[in-house]
Amino acid sequence: MNLVQKDDAMVRQKAMAATLAARQEHAHAEGKKVVYTFVPGNLTELLLSFDIVPVYPEVEALRSGMRKASDGYIRAAEQAGHSEDVCSYVKCDVGMGLSGDVGEGEGKLPPPDLLLLSSTGCATFFKWFESLRRIYGSECSMLQVPYQADGVITADMRQYVVDQLRNQVIPTLERVTGQKYDEDRLREHLRRSREAEDHLVAVLQSAKQHPSPIDAWFGAVYYVGPIFTAWRGTQEAVDYYACLRREVEDRAQKKLGPITPDGPLVEEKFRLVVEGTPCWTNFRELWQMFAAEGAVVVASTYTKVGGLYDTGFRHDPDRPLESLAEYCLGCYTNLSLPQRLDLLERYVREYDACGVVVHSVKSCKAFGAGQVLLLREIERRTGRPGCMIESDLVDSRYFSNAQIRNRLESFLQAVSMRRKAS
Amino acid sequence: MADNLVGVLARAEAACADVDFSALANWKAGGGHAIGCSPGYVPMELADAAGALPVFLFGGTPTTETVQGEAYFQSAICHLPRTLLDLGLRGALDGLDLLIVPSTCDVLRNLTGVWRITLPKQRVHYLDLPQRYDADGYAFYRRELENLKRAIEEAVGERIDDDSLRHSIATFDWRRRVLRALDELRAAEPWRVPTSEIYLLVRAGAAMLPAEHVELLVDYLEAVRASDRKPLDLARVVLTGAFCEQPPLGLLRTLERAGCAIVDDDLLSSLRWLGTDIELRDDEDPLDALTRAYLLASPLLPSRYEGDERRPDVLVSRVRKRCASGVILASPSFCDPALLDRPGLLEGLERASIPCVQLQYTENSTDFGSVREQTGTFADAIRLWENL
């Protein structure tokens, strides 16, 4: 049996998760307001400047997927009229809401005082919060984030987001909390965000080394947890990422590979780029499949849905609202398909990957529509082979171990043969 | 059926059967410009004002082949982008000087990028519609329309002047009035104006000059008014959810044969979007008028955020307004916008004691046996309970 190896950063993160769960559970008792909001395009620094406790419904959904509770919630939502065809995150949250069982299991989450809908990168977000509004009866403040169809953030797009922040979102937060907007507090949170973002980028870019000291998909979804959610803009996040960076740099210096569910990876045989979201219900199983083959993910796109920092963006305390607007506009799922293709190509080349795996999930149209073309084009542009595996976010009915294993093994065999041939 | 009605319907059927857009090719051969739009709302008055043929792309039918398009999308994506891309890949849309893709859903949004990568020579413009219906949404959308106008001007190489745009708005208002007249007649006498015929008539205008389309619609209106069709005992229903990918005509005919009179629907929405005329005010900037019209007169279709409205209330109002007795929730498979509305609509309909039935389809569905069973029973139940 392998002993679970826990580094300092992991211990810190577990403690942060417990602190947040307690903060969320006791928010109302402590007179705090609770706002439900999405990870992509989240306005955490702004919420923190109002002493608001944020809750992220898709994080609650993925957590319930990881602890194998999502299937029951999805069934409850389907019994309430939801189609099998639609996003399982939405159904999971709806099921949780209908059963009054919101939260990770240790503590129940309070109902929202406000739903803050930032539409970054996903049209389903509108529907998701329309559904939650029906369940909780709470007010919904909406921030429309234009799509980067032409691959650029224009002044008009930025202006629209800033106008909405100034004219709609901030006044609503003032009314709900009874507090005045304090731009200096916001700047201070943004300054800390920037610091943590620098550390995160160093961690992610450590995967350029051979062997990579991290797994940039399975491992990195843990790394991005704090900065994608309630901790961005806090000193705890700065400390966590500084600690994580030290540990990763230490592993890199010692030429150690990533830690996997079965212990440290002994030999890095394949360096892969992954496009797409994880499958949360079978997360560990899928990671083990990759690790058993010596396959390490050196770069992934999913770890950019809550902020694309490795291409240069940082929150800017000197331009607080403009910077929040640019953050919302720049998250991965808000990029055009040609931008996504360019990013994937860049990852393949810069991280010296030998292939690309696209994980297509039934639920997510924002990620999924166009992925076949991405795969085809990335093969054409880089000459590195690609493969598509399919399952779902939190609906385990769509995960087939045998099918995915077959595809992955065949793909890696093809990579090996190509390597030998060259 | 009177000869002239047969003739009008034959003209409409012929236009709808042109799945390879030969009308577009003919128009281009004559030296004209053409601008297309995918499903959702696009103010095609701008295309018309630029002297271009406005082409509304609705996807395919059961007879449309999508061999190449199928290879680009996973099974959990709706059928529509396969057909649209297939049309593009096999050159049927080569005549378009510009394709406009509105922000209807994430699939069509991403289709913009698919198009740019696979068909790099063809111009594509993404129109981000506002989801706010206030001053911020107005300012954003006004800027979006300026960008769209510029994109059209660049595509056709002509400036769009205000007078041309005013004229196009008036022409489109004319078509909107005729379409509303058709809707009113159908609501009053659904046995006289079956929805399957309205569908044909509207879809026939997909690649027609607006004035020519109005002529066809008026011919139908006159012919059907003069027809000797007899009242039928039908269950009056509202059909909703089919706003983007279209159901096959066979499905609509099956619903009618099963005893349903569809008295309100959201079919072919891009050609029927605005519920009222724009009615340009004196000296009003025409782009301001288009902006105002979208914000104030758009129906609450699945692609739009609810805002202060509530979908179930809006649907119940539609049912009451048309004196309907039931609702058919008909949505394309894998359509997040339409399918995610269903639970709320079901709740609202139950609260209002309005019976409903749910269907899913794809644009190339061909087997409607179970639909006939299901909706036949539904229609029978409505008529039975109404008559008791």
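So you know, we letter chains A, B, ... as the sequences are listed, proteins then strands, and number each from 1.
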- salt bridge (charged side-chain N to carboxylate O under 4.0 Å, His left out) partners for A:R397, two or more places apart: A:E78, A:D395
- In Å, rounded to the nearest 0.5 Å, how long is the span from CG of B:D128 to CG of A:D156? 11.5 Å
- With sequence neighbours excluded, residues passing salt bridge (charged side-chain N to carboxylate O under 4.0 Å, His left out) with A:D150: B:R116
- Query: Using non-hydrogen atoms only, which part of A:S336 is less than 4.5 Å away from chain B: side chain, backbone, both, or neither?
  - Reply: neither
- Within 45° of the axis and under 6.0 Å from the centre of the six-membered ring of A:Y160, does NZ or CZ of B:R132 qualify? no
- Interchain contact, B:P130 with chain A, by part (heavy-atom threshold 4.5 Å): both
- Backbone of A:A366 reached by a side-chain donor or acceptor of B:N110 within 3.5 Å: yes
- Do any of residues 81-92 of chain A have a heavy atom less than 4.5 Å from a heavy atom of chain B, and if so, which, in residue order? A:G81, A:H82, A:S83, A:D85, A:V86, A:C87, A:V90
- Under 4.5 Å from a heavy atom of chain A, the part of B:P302 involved: both
- Under 3.5 Å, is there a donor-acceptor pair between the side chain of A:Q144 and the main chain of B:Q131? yes
- Does A:K127 come within less than 4.0 Å of B:D336, counting only side-chain N to carboxylate O? no
- Task: For A:K365 and B:L108, indicate whether the former's side chain and the latter's backbone hold a donor-acceptor pair under 3.5 Å.
- Result: no
- Side chain, backbone, both or neither: which part of B:Q360 has an atom under 4.5 Å from a heavy atom of chain A? side chain
- Query: Taking only residues two or more places apart in sequence or in another chain, which ones pass side-chain hydrogen bond (donor to acceptor under 3.5 Å, both in side chains) with B:R342?
  - Reply: B:S331, B:Q358
- Message: Looking at A:E130 and B:R310, is there a salt bridge between them, counting it only when a charged N and a carboxylate O are closer than 4.0 Å?
- Response: no
